[in-house]
Amino acid sequence: MHDGRRVPEPTTARRAVCRAFDRPLTIEEGAGPDVAPGQILVDIEAAGANFVDALIVQGRYQIRPQLPFTPGMEVAGTARSSGQRVLALCWFGGFATQVVVPEASVVPIPDGVSMGQAATLVQSYATMLFSLTRRTTVAPGEWMAVLGAGGGVGLAAIDVAKALGAMVVACASTEEKLDAARRAGADATIAYEDPGVDLKAAIREATGGGADVVVDPVGGAKAEAALRALRWGGRYVVLGFASGTIPQIPANQVLLNNRTIVGVDWGAFTFRDAPGNSALIAELVGMVADGRLRPVEPTTYPLEDVGRCLADLEERRITGKAVLVP
Ligand SMILES: NC(=O)c1ccc[n+]([C@@H]2O[C@H](COP(=O)([O-])OP(=O)(O)OC[C@H]3O[C@@H](n4cnc5c(N)ncnc54)[C@H](OP(=O)(O)O)[C@@H]3O)[C@@H](O)[C@H]2O)c1
């Protein structure tokens with residue numbers, strides 16, 4: 001936007017573009033985005049790359065955007081108008097040097113939080129704070145088991161649960177991921193791909209009889225074993241299906257022990273209840289600012305390596321979070 005007295009300088013931007021769901025993204029340079037009243041231009045320093053982005057660019061997510069488009073749903077950078085360090089949830093356009101977002105979706109980054117941490121905070125952490133305080137609860141001293149514990153959602157689940165006073169058993173495929181889970185505060189770990197590991201028995205043993213909450217962003221064959229490991233009144237939180245398989249749950253396993261299955265669709269919540277989501281993100285950023293939450297530093301990829309980054313996410317090679325740096 002310009003005020004009639006000053007003509008804004010034309011900007012150029014570089015961005016990763018998806019032109020077809022079955023082809024690699026291309027890096028393209030062109031005119032920078034227009035800024036309308038009520039919007040802010042952010043010069044991006046880091047863009048969070050998520051498992052969801054890998055699905056979206058293949059047309060395998062529940063939302064199929066119109067082609068061509070630039071993926072990237074969360075960014076951190078500098079607000080062009082104020083010079084302030086900000087993070088923003090933009091949904092699309094984040095894998096670029098610049099993005100324009102509504103003023104209302106921009107949040108100042110607390111001191112001591114890096115651009116990388118800020119760019120990877122919202123999707124994973126908002127999902128887990130929403131899950132564990134709005135969709136269900138986990139009380140101090142209760143046990144939470146988390147699958148895919150070394151991934152983005154998994155590590156956020158551990159951090160949020162510890163901040164709420166819970167005990168955590170982290171379940172993941174590699175020693176590196178289990179180490180990350182321990183650093184995030186996990187009290188016990190299970191290497192669930194090791195030969196001979198019975199996930200249900202291992203969770204029951206680690207928790208002294210059963211978990212109160214299971215957090216599952218993985219699905220597949222592990223889901224039923226984890227559900228069966230819930231104790232009396234246990235809650236099973238359905239977050240996603242990173243394994244590629246949507247589990248079919250026997251209903252008797254929900255009846256037994258008065259269990260509850262809780263579905264979480266944080267993305268839909270943000271659209272249906274924008275003020276509720278703003279309050280959630282304010283609470284989240286406050287918890288980071290006062291040190292109750294400690295997001296990890298992400299693995300960094302140059303924007304040009306977007307294809308390698310998304311493949312690493314999809315093929316289970318990343319521990320923690322990843323960012324693209326333009
Ligand atoms: N419902 C919501 O509101 C919401 C919000 C955000 C994300 N999600 C979903 O949550 C899921 C996880 O997201 P994320 O950001 O945590 O992803 P991520 O960082 O890539 O972590 C996913 C984890 O899943 C495990 N996994 C098991 N089998 C896998 C396979 N075949 N391919 C890839 N990963 C596999 C891996 O852990 P191990 O190697 O240790 O098994 C991996 O670390 C995604 O499906 C995403 O769409 C849902």
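Just so you know, these numbers come straight off a predicted model, no measurement behind them. Just follow the structure's listing: the first ligand is 1, and inside any ligand the first atom is 1. Reckoned from all heavy atoms, side chains included, excluding hydrogens, waters and symmetry mates.
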Consider only side-chain heavy atoms of I, L, V, M, F, W and Y, link residues closer than 4.5 Å, and tell whether Leu129 and Phe269 are in one cluster.
-> yes
Apart from Ile44 itself, members of its ILVMFWY cluster (side-chain separation under 4.5 Å) are Ile40, Val42, Val75, Val86, Val99, Val101, Val106
If we number the atoms of ligand 1 from 1 as shown, the ones under 4.0 Å from a heavy atom of Phe241 are 45 (O)
In terms of its nearest heavy atom to atom 1 (N) of ligand 1, the top option of Thr120, Val264, Leu155, Val238 is Val264
In ligand 1, the atoms that come under 4.0 Å of a heavy atom of Val52 are 46 (C), 47 (O)
Is there a salt bridge (charged side-chain N to carboxylate O under 4.0 Å, His left out) between Glu175 and Arg182 once you walk through the steps? CA-CA 10 Å; Glu175 199 44 43; Arg182 280 181 212 107; 3.2 Å; yes
Counting from 1 in the order shown, the ligand 1 atoms closer than 4.0 Å to a non-hydrogen atom of Val218 are 24 (O), 25 (C), 27 (C)
Output for pair (Ile27 CD1, Arg14 CZ), nearest 0.5 Å, gives 7.0 Å
Q | N/O separation below 3.5 Å, Asp265 to ligand 1 | A | no
**Asked** Is any side-chain heavy atom of Tyr125 less than 4.5 Å from a side-chain heavy atom of Val288?
**Response** no
Is there a chain of hydrophobic side chains (I, L, V, M, F, W, Y, each step under 4.5 Å between heavy atoms) that links Trp266 to Met287? yes
Ligand 1 atoms nearer than 4.0 angstrom to some heavy atom of Gly151 are 19 (O), 21 (O), 43 (O)
**Prompt:** Going hydrophobic residue to hydrophobic residue with side-chain gaps under 4.5 angstrom, can you get from Val52 over to Met128?
**Reply:** yes
Tested for side chain to side chain contact (heavy atoms under 4.5 Å, CB included) against Met144, the lone hit among Val168, Asp212, Val237 is Val168
Review point. Are Val138 and Leu230 in one and the same hydrophobic cluster, where Ile, Leu, Val, Met, Phe, Trp and Tyr link if side-chain heavy atoms are under 4.5 Å apart?
Key: no
Exercise for the section: Look at ligand 1 and say whether Phe130 reaches it with a heavy atom at a distance under 4.0 Å. Expected result: no
of all protein heavy atoms, closest to atom 19 (O) of ligand 1 is Gly152 N, 2.8 Å
Are any non-hydrogen side-chain atoms of Trp143 and Arg231 less than 4.5 angstrom apart? yes
Result for side chain to side chain contact (heavy atoms under 4.5 Å, CB included) between Lys321 and one of Leu155, Leu313, Leu121, Asn50 points to Asn50
For atom 26 (N) of ligand 1, the closest protein heavy atom turns out to be Arg316 NE, 3.8 Å
Ranked by distance from atom 44 (C) of ligand 1, the top protein heavy atom is Phe51 CD2, 3.5 Å
(Q) Can you confirm, on distance only, whether ligand 1 has an N/O atom lying under 3.5 Å from any N/O atom belonging to Ala149? (A) no
**Q.** Side chains of Glu28 and Thr26, donor plus acceptor under 3.5 Å
**A.** yes
Of all protein heavy atoms, the one nearest atom 48 (C) of ligand 1 is Leu239 O, 2.9 Å
Quick note on ligand 1: atoms under 4.0 Å from a heavy atom of Gln123 include exactly 6 (C), 7 (C)
Exercise. Mind checking whether Ser173 has an N or O less than 3.5 Å away from an N or O of ligand 1?
Worked result: yes
for atom 41 (O) of ligand 1, nearest protein heavy atom and its distance come out as Tyr192 OH, 2.5 Å
Here the atoms of ligand 1 under 4.0 Å from any heavy atom belonging to Glu314 are 32 (N), 33 (C)
protein heavy-atom neighbour closest to atom 43 (O) of ligand 1 works out as Lys177 NZ, 3.4 Å
Within 4.0 Å of some non-hydrogen atom of Ala172, the atoms of ligand 1 are 40 (O)
Ranking Ala180, Ala242, Ala268, Gly219 by closest non-hydrogen atom to atom 30 (C) of ligand 1, top hit is Ala242
of all protein heavy atoms, closest to atom 11 (C) of ligand 1 is Pro217 O, 3.4 Å
Counting from 1 in the order shown, the ligand 1 atoms closer than 4.0 Å to a non-hydrogen atom of Trp266 are 3 (O)
- Yes or no on side chain to side chain contact (heavy atoms under 4.5 Å, CB included) for Leu67 and Cys18, after CA distance, side-chain angles and deciding distance? CA-CA 7 Å; Leu67 295 166; Cys18 178; 3.9 Å; yes
Note: heavy atom closest to atom 14 (P) of ligand 1, options Thr127, Val153, Asp53, belongs to Val153
- Give yes or no for whether the N/O distance cutoff of 3.5 Å, strictly under, is met between Gly148 and ligand 1. no
Is Leu284 reachable from Trp91 through a run of hydrophobic residues whose side-chain heavy atoms are each under 4.5 Å from the next? yes
